[in-house]
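Written below as structure tokens is the structure these notes are about.
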Amino acid sequence: MFIFEDEFGFEEELRGKTAAIEAINQIRRGDYTDAVTTLEREFLPQWEDVSDCEAAYKEVMGR
């Protein structure tokens, strides 16, 4: 995920837009689960870290 900051310091707004565009492209490719994961990681703080997401997945899936 690319992080951008404009001259006014609007890093989060641009970063969120990048995640949304990535999710749209994933949906167009048919990667619905990846799109949801992209949005969760970007907009829900508990999923921002990949290792936390993987640990939660393993806990839920019993692996």
Side-chain angles (χ1 to χ4, degrees):
M1 188 79 45
F2 295 104
I3 299 175
F4 300 99
E5 183 173 321
D6 67 5
E7 65 271 15
F8 302 108
F10 293 121
E11 178 179 303
E12 290 299 319
E13 182 176 333
L14 296 174
R15 185 173 164 214
K17 182 176 180 179
T18 302
I21 291 169
E22 183 177 346
I24 289 168
N25 290 331
Q26 290 169 327
I27 291 168
R28 287 181 175 152
R29 288 192 307 266
D31 299 330
Y32 304 112
T33 303
D34 290 341
V36 171
T37 301
T38 297
L39 294 172
E40 286 177 338
R41 286 182 182 160
E42 184 63 33
F43 296 108
L44 301 176
Q46 67 194 27
W47 300 118
E48 193 168 303
D49 184 29
V50 173
S51 62
D52 289 345
C53 181
E54 289 172 349
Y57 175 81
K58 288 177 183 177
E59 182 180 326
V60 169
M61 298 304 287
R63 294 181 180 182

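Excluded from the calculations below are hydrogen atoms, water molecules and symmetry mates; all remaining heavy atoms, backbone and side chain alike, are included.
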Identify every side-chain donor-acceptor pair in residues 28-35 under 3.5 Å, counting partners at least two apart or on other chains, and give the distances.
{"residue": "R29", "atom": "NE", "partner": "D31", "partner atom": "OD2", "Å": "3.2"}

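When every heavy atom of L39 is checked against every heavy atom of A19, the shortest pair comes out as CD2-O, 4.3 Å.
Under a 4.5 Å side-chain heavy-atom cut-off, the cluster of Ile, Leu, Val, Met, Phe, Trp and Tyr residues that includes I24 has no other member.
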